[in-house]
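A short worksheet on the structure shown next.
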Amino acid sequence: MRDETEYGAPVAAGADYAERLVADLNPRQREAVEHGEGPLLVLAGAGSGKTRVLTHRIAWLLATGRARPSEILAITFTNKAAGEMRERVDRLVGGVSRAMWVMTFHSACARILRAEAPRLGYKRAFTIYDESDSLRMVKRCVEELDIDPKRFAPRAIKSQISAAKNQLVDSTEYGNAVGGPFEEAVADVYNLYERRMVEASAMDFDDLLVRTVNLLELFADIREKYRRIFRWVLVDEYQDTNRAQYRLLQLLCEEHRNLTVVGDDFQSVYSFRGADIRNILEFERDFPDAHTVLLEQNYRSTQTILDAANGLIAHNENQKRKQLWTDGPRGDLVTIAELDDEHAEARYVASEINRLVEEGTPRDQIAVFYRMNAQSRVLEDTLVRFEIPYQVIGGTKFYDRAEIKDAVAYLSLVANPADAVSFTRVVNSPRRGIGQQTQARLLSHANTIGEDIWDVFSNPEQVPGLGPQAVKAVRRFADVMAELRERAESTDSVAEIVEAILQRTGYIEALEAERTVEAEGRIENLEELVGVAAEFDTNRELEGDQEQTPLEEFLAQIRLLSEQDNLKEQESLATLMSLHNAKGLEYDAVFVIGCEEGLFPHSRSVEEGNLEEERRLAYVGVTRARERLWLTFARRRSLHGSSSWNLPSRFLSELPEDLIDRHVATTQTGWASAGEGGRSWGSNARDAVLGGSRRGEGGFSAPERRQPTPPPVPYSVGDDVVHPSFGEGVITGVEPNNVVVVRFSGDGSERKLMADYAPLKKVA
DNA sequence: TGCTTCACCATTTTT
DNA sequence: TGGTGAAGCA
């Protein structure tokens, strides 16, 4: 534990320290930090130092003796944000931050439920289901109820149930309010789903919140207990709270009223997930005695970027008024670039990135944002060709990969014998001759006799309808699981359990037998999981939690991990992500691509009347940039197969014209430059930008028929090649459009490269 | 039981 | 365009 803090004072040193704590804050920030008891609303514009206010407020509450560390509950939405906050509080007050709850809504609820869940009929060792697990469960319910999944898509049903839960509407209430046939189907599934989840002792993400609310509403003693524990509650990103979270805060705070919420209505972009912007807009109505502080001074961006953001958001009606300003320089103009199509757009972005890097911008300070994840593909291809190292945030996550999910499902089943979804996931993976028939019989028997699925498969003889073959196969599976469970009970090392699972279930063996590159990759991923577990074991030795076993704790932790947690900062990688994922981050240089009507704002959103939220999303994108900002659009874009012509996004015309530097680029399309050899693309694209030709061809007239035929592919399967960065490899495939597939011997990776542009050389 | 083929569909997603 | 899921076949 550290005694010295950032301000050189020992922990909680009283008035003098408190004074120094606020000394270098601006007046508004100081006002927020020094607010005493009672509700506080901090409307914090982008980059206005809201985390600073939150952390300093916590330190100030401690320093002035108003709060003890254990009385503080600080809530964020991501683990990353929680980690950062804890770290920064730690720097202010030292190790006492350990005693505080600084975590996400979901983690906090999971922790409370871990202690109290039995009161609601759950086992203490409940399993947290992620989206795909709970979708599985919904599907099973749909099947069981004989609902035609084509008529009512399980996904749609699930999202309907989720929406209901976010509103704290339970299945009974939902059933009473049914409208059409779809709602009726949803009501039935919702009802069964709730029952099956309790039986499996499983909770989905929404349940974590809803069940905690239930707990506090139903049991006065529990309510009192947590009200007494959390005398000070602080919430970050308050604009993103949904009904359930709102109710939770109300339950915790309505007595002592020491609730601090920090947020920015301009950055509310999650209404489709149930976030209710009214929570922040109407905070002052809900808490008439609330003190409100407005933070408008921005410490991140240039005035030009802020003016652009202000100009954009001024087009929204339903907002609190805020106007960002900075002491800093005006900075460069915002670039709006018009390109032919998405490929030209990608090349433009890539060449601009190269230029930035040459000029000294660290690559990890460059980000590209887009509306849809699908847009990353073209960009990735281009970045590979330009040899620009990058990372993509979003898409398939580590914990979404099949092999990882399998391993985690094994762990879940070991920890929670009732976990039916995990059971179906792993029972025949690897193949062990337990097919759907057999699984269905096991599950329905479990439903009939009301026993845990584990008890049922441990006694396969008693399951009606199983043939001797099936009984034998199930027996073998049960024996392995029993052995693993014993193993888990006799050790505190999660890594050891994971290792045992991979070995004893034959999982690794099956992968090794495949002898493919993919299988090898999977094995590597699994090894990484063992590594993650080992790391967990090491950290756990420092701070153990007696409430739950290491395995349970590990499972809860990895299930609540988020995408942003994967962000790497140290490596020199440009970052690609959706605009939604960009919230809370900042970069020196930002590109927002695909600024076209129909794509951004997305046509769906416009149809559904969510234009203002789209505009807020644009606002989020713009305000991520510290120094340089590009907004690009393509005249023509192919989206799932067919290409279409789009108008520039209305958001572009909403930016004040005097802040804009316009580029109209006509890149040389196609193969014209191929003869010049690989690396010339960068300069080509850049030269073309200077060209500034007009878009006067009339839009629809000439759909690029003039491409010369590609030069013949000089490579054939089996050729040995060498690449300056990937090393030696062999051609394993030749595809249309001069794409070659190369397996590189260095890391065993297989990559698709454009033969004409990649700096590949044939080895004689 | 398990693999292949074909049809269908396709924002965003802090947990 | 590409990934997913269900039906059909060996």
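Predicted model, so just to flag it, every value in this text is computed and none were measured. Each chain gets a letter, A, B and so on, in the order the sequences are listed, and its residues count up from 1.
The cationic group of Arg432(A) does not satisfy the cation-pi geometry with Phe477(A), failing either the under 6.0 Å distance to the six-membered ring centre or the 45° limit from the ring axis.
Between the side chains of Glu596(A) and Ser649(A), no donor N or O sits under 3.5 Å from an acceptor N or O. For Ser271(A) and Glu613(A), the side-chain atoms include at least one donor-acceptor pair closer than 3.5 Å. Judged by distance alone, the side chains of Thr76(A) and Asp236(A) never bring a donor and an acceptor atom under 3.5 Å apart. Between the side chains of Asp204(A) and Tyr193(A), at least one donor N or O sits under 3.5 Å from an acceptor N or O.
For residues 150-163 of chain A, every residue pair satisfying the salt bridge (Lys or Arg N to Asp or Glu O under 4.0 Å) rule, not counting sequence neighbours, is listed here: Glu131(A)-Lys158(A). Residue pairs meeting the salt bridge (Lys or Arg N to Asp or Glu O under 4.0 Å) criterion with at least one partner in residues 640-650 of chain A, sequence neighbours excluded, are Glu597(A)-Arg650(A).
Mapping Gln437(A) and Leu617(A) onto DNA chain B via the closest heavy atom, the residue that lands nearer the 5' end is Gln437(A). Nearest-nucleotide positions on DNA chain B place Thr438(A) closer to the 5' end than the other of Glu613(A) and Thr438(A).
dT14(B) atom C1' lies 13 Å from atom CG of Asn166(A), rounded to whole Å. The CG atom of Asn610(A) sits 16 Å away from the P atom of dT13(B) (whole-angstrom rounding). The CG atom of Leu209(A) sits 19 Å away from the P atom of dT13(B) (whole-angstrom rounding). Atom CD1 of Ile393(A) and atom C1' of dT13(B) are 14 Å apart (whole Å). Computed from coordinates, the Glu380(A) CD to dG2(C) P distance equals 13 Å when rounded to whole Å. To the nearest angstrom, C1' of dT13(B) lies 13 Å from CZ of Phe77(A). Spacing between atom CZ of Arg273(A) and atom C1' of dT12(B) amounts to 10 Å, rounded to whole angstrom units. Put simply, NZ on Lys165(A) is 17 Å from C1' on dT13(B), counting in whole angstrom units.
Comparing dT12(B), dT14(B), dG2(C) by their closest approach to the side chain of Thr78(A) singles out dT14(B). For Arg371(A), taking side-chain heavy atoms from C-beta onward, the closest of the listed nucleotides dT14(B), dT12(B), dG3(C) is dT12(B).
Under the side chain to side chain donor-acceptor pair (under 3.5 Å) criterion, Asn166(A) pairs with Asp206(A), sequence neighbours left out.
If you check every strand for non-hydrogen atoms under 4.0 Å, Gln375(A) touches nothing. Residue Glu131(A) is in base contact, counting any heavy-atom pair closer than 4.0 Å across all strands shown. No engagement by Thr241(A) is indicated, since no non-hydrogen atom pair under 4.0 Å with the nucleic acid exists. Tyr270(A) comes within 4.0 angstrom of a nucleotide base, judged by non-hydrogen atoms across all strands. Residue Glu237(A) is out of contact with every strand shown, counting any heavy-atom pair closer than 4.0 Å.
Remark: DNA chain C forms stems of 3 or more consecutive Watson-Crick or G-U wobble pairs, all pair distances under 3.5 Å, at B:1-9 with C:2-10.
Between Asn581(A) and the phosphate of dT12(B), there is no side-chain N or O to OP1/OP2 separation shorter than 4.0 Å. For the pair Thr76(A) and dT14(B), the criterion of a side-chain N or O lying under 4.0 Å from OP1 or OP2 is not met. Here Ser159(A) does not reach the OP1 or OP2 of dT13(B): none of its side-chain N or O atoms lies under 4.0 Å away.
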Protein-nucleotides 2-4 of chain B N/O pairs closer than 3.5 Å?
from: dC3(B); atom 1: OP2; to: Arg431(A); atom 2: NH1; distance (Å): 3.1

Mind listing the N/O atom pairs, protein and nucleotides 6-10 of chain C, below 3.5 Å?
none

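Aromatic ring orientation, Phe423(A) versus Phe457(A): parallel (interplanar angle below 30°, classes split at 30° and 60°).
Between His580(A) and Tyr270(A), the ring centre distance stays below 6.0 Å. For Phe600(A) and Tyr370(A), the ring centers are positioned 6.0 Å apart or more.
Among all heavy-atom pairs drawn from Asp406(A) and Ser429(A), the shortest one is OD2-OG, 3.2 Å.
Only the P atoms considered, dT12(B) is 16 Å distant from dG5(C), to the nearest whole Å.
Applying side-chain hydrogen bond (donor to acceptor under 3.5 Å, both in side chains) to Asp240(A) and the options Gln245(A), Gln267(A), Lys583(A) leaves one that passes, Lys583(A).
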